[in-house]
Amino acid sequence: MSLVGKKFPNIAIDAMSEMGDDLKINVFQEAAENQQKVLLFWYPKDFTFVCPTELHAFQDALGEFEKRNTKVIGASCDTNEVHFAWLNTPKDNGGIEGITYPILADTHRQLANQLGIVDQDFEFDEEGNEFFTGSNVTYRATYLIDETGKIFHESVNDMPLGRNVKEFLRMIDAYTHVQKNGEVCPANWEEGKEAMKADRKSTAEYLASQN
C-alpha cells in the first residue's frame, strides 16, 4: 500500500552517527520541526555487496542534497554496534568509512514494519504449522518527505537492484518547483526546463512544443 500523500510515521528510532554516537532520530520531526526535506533510504544489510555502493553514492551527492535543504538518512535493521563496525571498515575493504550522515538501526523492525518494506513471508506445513520463509531484512525502499512531514515520493527496489541517486535529486527539484510555482512537471522534467499549468490548454501547448 502506497504511503504517498500521508504523514511519515511519528516514531523515534535508534541510530548511529559517523562519530560513534548512539542517537534517537524521529524522521517526521526532522522534517517538520526543522523545516527541511528528508531523504530516507533503506538497504538490506551491513557488510553486504550492493549496499556499500549505495551508501557511498549518497555520500558523494550529499552536498547537492544539502543545497536543496534536504537531510539524508540511511537505515537498516542492523544494530548500532554493527553500523559502527562497518563505519570503521575502509572503503577499499567493502566498508563505509567516510559516511557522515546518520544511519537508523531499526533492530526491532518497528518502523520498517509500519512502512511494509520487510521481506517477511509465512507458510504452513501439512500439519498446519506456520513457519517463516522470508529474509527478515528490508528491500531498497526510499522515501522523500517534505517540510510538513508528508511523503511526496516513495520507491522500492528488489534487493539486487541499486538505486540511481540522481533521480532523487530530480524528484526534489520537481517537487520544490511545484511548491514554489504551483505548476506541474511533465515527464523527464529537470531543473531549468519548461513546466506546465494543470490544465488542458497548457498540456496541449507543451506537447506541441516537443514536436
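Both backbone and side-chain heavy atoms feed into the values below; hydrogens, waters and symmetry mates do not.
If you take CD on Gln114 and CG on Asn10, they are separated by 10.0 Å, rounding to the nearest 0.5 Å. Considering CD of Glu194 and CH2 of Trp189, their distance stands at 11.5 Å, rounded to 0.5 Å. Remark: Leu40 CG to Phe8 CZ distance equals 5.0 Å, nearest 0.5 Å. Once rounded to the nearest 0.5 Å, the distance linking CG of Leu111 with CG of Leu115 reads 4.5 Å. Rounding to the nearest 0.5 Å gives a distance of 13.0 Å between CD1 of Ile11 and CZ of Phe28. To the nearest 0.5 Å, atom SG of residue Cys185 and atom CD of residue Glu190 are 11.0 Å apart.
When all heavy atoms of Pro44 and Ser76 are compared, the pair lying nearest together is O-CB, 4.3 Å. Across every non-hydrogen atom of Leu39 and Phe65, the tightest pair is CD1-CE2, 3.6 Å. Between Ala105 and Thr79, the shortest heavy-atom distance links the atoms CB-C, 3.9 Å. Taking each heavy atom of Ala112 and Thr138 in turn, the nearest pair found is CB-CG2, 3.8 Å. Annotation for Pro102 and Leu23: closest pair CB-CD1, 4.3 Å, computed over non-hydrogen atoms. Listed here is the closest heavy atom pair of Ala12 and Asn26: N-ND2, 3.9 Å.
For the pairing with Lys37, the side chain to side chain contact (heavy atoms under 4.5 Å, CB included) check across Ile172, Ile145, Asn69 returns one residue only, Ile172.
A donor-acceptor pair under 3.5 Å links the side-chain atoms of Gln36 to the main chain of Glu30, judged by distance alone. With hydrogens and angles ignored, the 3.5 Å screen pairs a side-chain donor or acceptor of Tyr101 with a backbone N or O of Leu55. Judged by distance alone, with hydrogens and angles left aside, the side-chain atoms of Trp42 form no donor-acceptor pair with the main-chain N or O of Cys77 at under 3.5 Å. Under a 3.5 Å cut-off, the side chain of Asn164 and the backbone N or O of Lys166 do form a donor-acceptor pair. Remark: side-chain polar atoms of Lys91 are not paired, donor with acceptor, to backbone N or O of Pro52 under 3.5 angstrom. Checked by atom type and distance alone, the side chain of Ser202 pairs as donor or acceptor with a backbone atom of Lys197 at under 3.5 Å.
Scored by the ring pair (Phe, Tyr, Trp, His ring centres under 6.0 Å) test, Phe58 finds Phe41 as partners (sequence neighbours excluded). Not counting sequence neighbours, Phe49 has no partner by the ring pair (Phe, Tyr, Trp, His ring centres under 6.0 Å) test.
Asn113 is listed as a side-chain neighbour of Gln120, based on a closest heavy-atom distance under 4.5 Å. Counting only heavy atoms from C-beta outward, the side chains of Val27 and Ile73 approach each other to under 4.5 Å. Within the 4.5 Å cutoff, the side chain of Thr107 has no heavy atoms near those of the Asp78 side chain. Two residues are said to be in side-chain contact when any heavy atoms from C-beta on lie closer than 4.5 Å; Lys7 and Thr148 meet this criterion. Using a 4.5 Å heavy-atom cutoff, the side chains of His153 and Phe168 are in contact.
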**OP:** Walk me through it: do Gln179 and Glu147 pass the test side chain to side chain contact (heavy atoms under 4.5 Å, CB included)?
**Re:** CA-CA 11 Å; Gln179 288 176 308; Glu147 297 86 349; 3.1 Å; yes

**OP:** Check step by step if side chain to side chain contact (heavy atoms under 4.5 Å, CB included) holds for Phe47 and Thr89.
**Re:** CA-CA 9 Å; Phe47 290 99; Thr89 302; 3.6 Å; yes

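Clustering ILVMFWY residues whenever any of their side-chain heavy atoms sit less than 4.5 angstrom apart, transitively, puts Val156 in a cluster other than the one holding Leu144. Transitive grouping of hydrophobic side chains (ILVMFWY, heavy atoms separated by less than 4.5 Å) brings Val82 and Leu87 into a common cluster. Hydrophobic clustering (side-chain heavy atoms under 4.5 Å, transitive across Ile, Leu, Val, Met, Phe, Trp, Tyr) keeps Leu161 apart from Val137. There is no path of hydrophobic side-chain contacts, each under 4.5 Å, that joins Leu3 to Met171. Cluster membership for Val72 and Tyr175, using ILVMFWY side-chain heavy atoms within less than 4.5 angstrom, is shared.
For the residue pair Glu183/His177, the side-chain donor-acceptor check at 3.5 Å is satisfied. Under the 3.5 Å distance criterion, with hydrogens and angles disregarded, no donor-acceptor pair is assigned to the side chains of Thr142 and Glu154. No side-chain N or O of Asp119 forms a donor-acceptor pair with one of Asn136 less than 3.5 Å apart. Checking Asp158 against Tyr139 by side-chain atom types alone, no donor-acceptor pair falls below 3.5 Å. At a cut-off of 3.5 Å, with distance as the only test, no side-chain donor of Asn88 or Glu97 sits close to an acceptor on the other residue. Between the side chains of Asp14 and Asn80, not a single donor N or O lies within less than 3.5 Å of an accepting N or O.
Counting only residues at least two apart or on different chains, the side chain to side chain donor-acceptor pair (under 3.5 Å) pairs with a member in residues 45-68 are Tyr43-Asp46, Asp46-His83, Glu54-Arg140, Glu54-Arg163, Gln59-Thr100, Glu64-Lys67, Glu64-Arg68, Arg68-Asp173.
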